[in-house]
Trainee: 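Take a look at this one; I'll ask things after.
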Amino acid sequence: MGYIQPTYQSNSGIKQRQILARYWSKIFLGSILIAILALMVMLINVINDSYGYAAIEYEYDPSIYTPKPIEDLNKVELMKLLSENLSTYRWRTIQQDVSIDQLEVDEIRELVVEELLKPTVVASYSLIPSLFNRTEIHQEINFYHPEARIDFYSWLDFQFLIKSMSVVPENSGVRTAILGSLWIILVAGIFAIPVGIGAAIYLEEYAPSGKFKKIIQSNIDNLAGVPSIIYGILGLAIFVRVLKPLTSGTIFGLELSTGRTIISAGMTIGLLLLPVIIINTQEALRTVPMSLRQASYGVGATRWQTLWYHVLPAALPGILTGAILAISRGIGETSPLILVGASSFINKDPTNIFSNFTTLPLQIYYWTQRPQDQFRNTAAAAILVLLIMLLSLNAVAIILRNHYSRQSRP
Amino acid sequence: MSQPQNNHKAAISTRSLAIYYGDFRAVKDVDLNIVPRRITAIIGPSGCGKSTVLRAFNRMNDFIPTCHSEGEILYHGHNIYDSDVDPVSVRQHIGMVFQKPNPFPKSIYENIAWGAKINGYKDSLDELVEDSLTQAALWDEVKDNLTQSGLSLSGGQQQRLCIARALAVKPDIILMDEPCSALDPIATLKIEELMRSLSKKYTIIIVTHNMQQAARVSDFTAFFTMDEDRAGRMVEYGETSQIFTRPRKKQTEDYITGRYG
Ligand SMILES: Nc1ncnc2c1ncn2[C@@H]1O[C@H](COP(=O)(O)OP(=O)(O)O)[C@@H](O)[C@H]1O
Ligand SMILES: [Mg+2]
């Protein structure tokens, strides 16, 4: 009867626990795989639409201008062609942009093609079919568009970055949108970063703890979670409507009579970023160890000296990282700016804070709404531009953080 | 209660000092006269309020929002908690060394010079740095590496750097809250030797949980304990030799002979 259970009898329990642990590690591995897969699908989708075959037709046949093939014309002949066939207005606008006499012959030839023959993309294909179904695509184009030239087309190229918006997809670019995004984030940053950091310093270092601070704090925490469209409504009501004389620039003598300007958009995004920056800065200040503050107070430093010489330098990497991440969030914001009133079609670059604007995400949004197929390609290319911008900002944040935290270590 | 010296010669003295954290009274009824240019040790069980009392001496408790005190702490006959006293000036006269070495994340030189600079020190900083490091018995070890970060030193060196940093402000009292508890025995001995040599010029008050340390370095010892309401109070205060050999109070005897709790 006396069967003594050995203490290692619990071995079986160990086995079960190990199995359970393995299951869990598989589940976690599964989660990360799903996340990576989702990101890959998104990236592939965007890249897929940014490159691929395109069938290009000339709207006007070269033969109506000249009997010789365009490739064989020399500079003088090309110039003559241009000046004879372009409207005087168009001719003058071009001359304002570039001094034609100084252009290379190839550049003038491009101009002739662009202005007189007017190439248009009549069909475009995504990257994956372009790679794997080449013959079918060529047959299809030859059948439907026997005149067309087939090109492997990169929608994201340097021209795309420096061209403005156009009704023709292949002439469209993101210059105006990039400038709009930069202007807006500049205004938002100039407003939100100093104010946010200042507010955080006050709350964290000066505000007496009590009911007042609790109320403010919970308000800020909640504001950071408010959907961004609400900020759009706020911006529309305050900056566009109430402060219209200010935001439209009319009190500074400007003609433009709408409040839907860069300053309104920038302030709206600034308001949206404010709580984020405050919270990030507070977090950074809280990580500064109490012992560092004590060391400073212990040698007779004032609160201000402690803050300025020790606490802020120690918190700086965190503060900067927070600000940059907030900015990259601001660049990606779309919905509040739809409300504040970005122009859906604009090809005039913003020149000051009272200019009308569009931004990169808005441009993407509007392009996806357009009926022409080829705007899907430009939208995809613009998404790539936006992603590259955001990734570079995040990289800067990481570099800054590493740089500063290396400085404060021995 | 017996006091080792009469009042007006005291470097610092407390009158019916009581310290609260919110409603909780952490320390009560402390009447203590600290003898100038001697080492006074405060010993007692953990949580009896030793650090609380020490922090009150240079108003470091000001940074704990819930903390407030009653009674008086007299320095040169002046209550440092009077409304016309600037706590910053108190800390210039009464320096502090903390439990965990906490040099600034700056060069050794800056660690020493910064406190003097912000306090408007006008003479040669180089001399001050050398002088302070020499007094703290660290000069020979670091004189060739003054631009190196203070954080690159060993724990014991860091603590001596912190002592030098406190000296550079030219205080006349130095508070030390368990300055050796994070150090190995050899580094501890070095700090104790250093304290002995500093006591020729400075008044030193040290909190320690290590009774041997109190017996080794201090001239006077104050023994604290706490009552059932967890309020700490001073049980006995006298010359260290007397406290450790002929304690007057039973509680003191129990504690130093290890019969406590
Ligand atoms: N910042 C604080 N807030 C609230 N209570 C505190 C604080 N610091 C210390 N106390 C309390 O005060 C009492 C004394 O603490 P302390 O002075 O640190 O004791 P000791 O240094 O003797 O170990 C303890 O009961 C402790 O819990
Ligand atoms: Mg303590």
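Throughout, a chain's letter reflects where its sequence line sits, starting with A, and its residues are numbered from 1.
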Trainee: With side chains defined as the heavy atoms from C-beta onward, is the minimum distance between P87(B) and Y297(A) less than 4.5 Å?
Mentor: no
Trainee: Which answer fits V88(B), side chain, backbone, both or neither, if we ask what part of it has an atom under 4.5 Å from a heavy atom of chain A?
Mentor: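 Contact with chain A: backbone and side chain both.
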Trainee: Can you find a heavy atom in the side chain of F63(B) that is under 4.5 Å from one in the side chain of R293(A)?
Mentor: no
Trainee: For the residue pair F104(B) and H310(A), does the interplanar ring angle fall in the parallel (under 30°), tilted (30 to 60°) or perpendicular (over 60°) class?
Mentor: parallel
Trainee: Calculate, to the nearest 0.5 Å, the distance between atoms CD and CD belonging to Q99(B) and Q294(A) respectively.
Mentor: 10.0 Å
Trainee: Considering only heavy atoms, which portion of S291(A) lies under 4.5 Å from any heavy atom of chain B: side chain, backbone, both, or neither?
Mentor: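 Both the backbone and the side chain of S291(A) come within 4.5 Å of chain B.
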Trainee: Can you check whether N102(B) reaches P289(A) side chain to side chain, under 4.5 Å on heavy atoms?
Mentor: no
Trainee: Heavy-atom pairs under 4.5 Å with chain A: which of R59(B), M60(B), H93(B) has the most?
Mentor: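 Sorted descending by pairs with chain A, the first entry is M60(B).
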Trainee: Taking K106(B), Q92(B), M96(B) one by one, which has the highest count of heavy-atom pairs under 4.5 Å against chain A?
Mentor: K106(B)
Trainee: Are more than 12 heavy atoms from other residues, nucleotides or ligands located less than 6.0 Å from atom CG of L29(A)?
Mentor: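 More than 12 within 6.0 Å, yes.
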Trainee: More than 12 heavy atoms of other residues, nucleotides or ligands under 6.0 Å from CZ of R37(B): yes or no?
Mentor: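 Open.
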Trainee: When you measure from the side chain of N119(B) to the backbone N and O of V299(A), does any donor-acceptor pair fall under 3.5 Å?
Mentor: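 Checking the backbone N and O of V299(A) against the side chain of N119(B), a donor-acceptor pair under 3.5 Å is found.
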Trainee: Taking CZ in F191(A) as the centre, count heavy atoms belonging to other residues, nucleotides or ligands within less than 6.0 Å. Is the count above 12?
Mentor: yes
Trainee: Could you check whether atom CG of D84(B) has more than 12 heavy atoms from other residues, nucleotides or ligands sitting under 6.0 Å from it?
Mentor: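 Result for CG/D84(B): enclosed.
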Trainee: Does NZ belonging to K100(B) count more than 12 external heavy atoms closer than 6.0 Å?
Mentor: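 12 or below, so no.
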Trainee: Determine the option with the most heavy-atom pairs under 4.5 angstrom with chain B, choosing from A301(A), G298(A), A295(A), P313(A).
Mentor: A295(A)
Trainee: So which residues of residues 50-58 of chain B are in contact with chain A at a heavy-atom cut-off of under 4.5 Å?
Mentor: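 If one takes a 4.5 Å heavy-atom cut-off, no residue of residues 50-58 of chain B lies near chain A.
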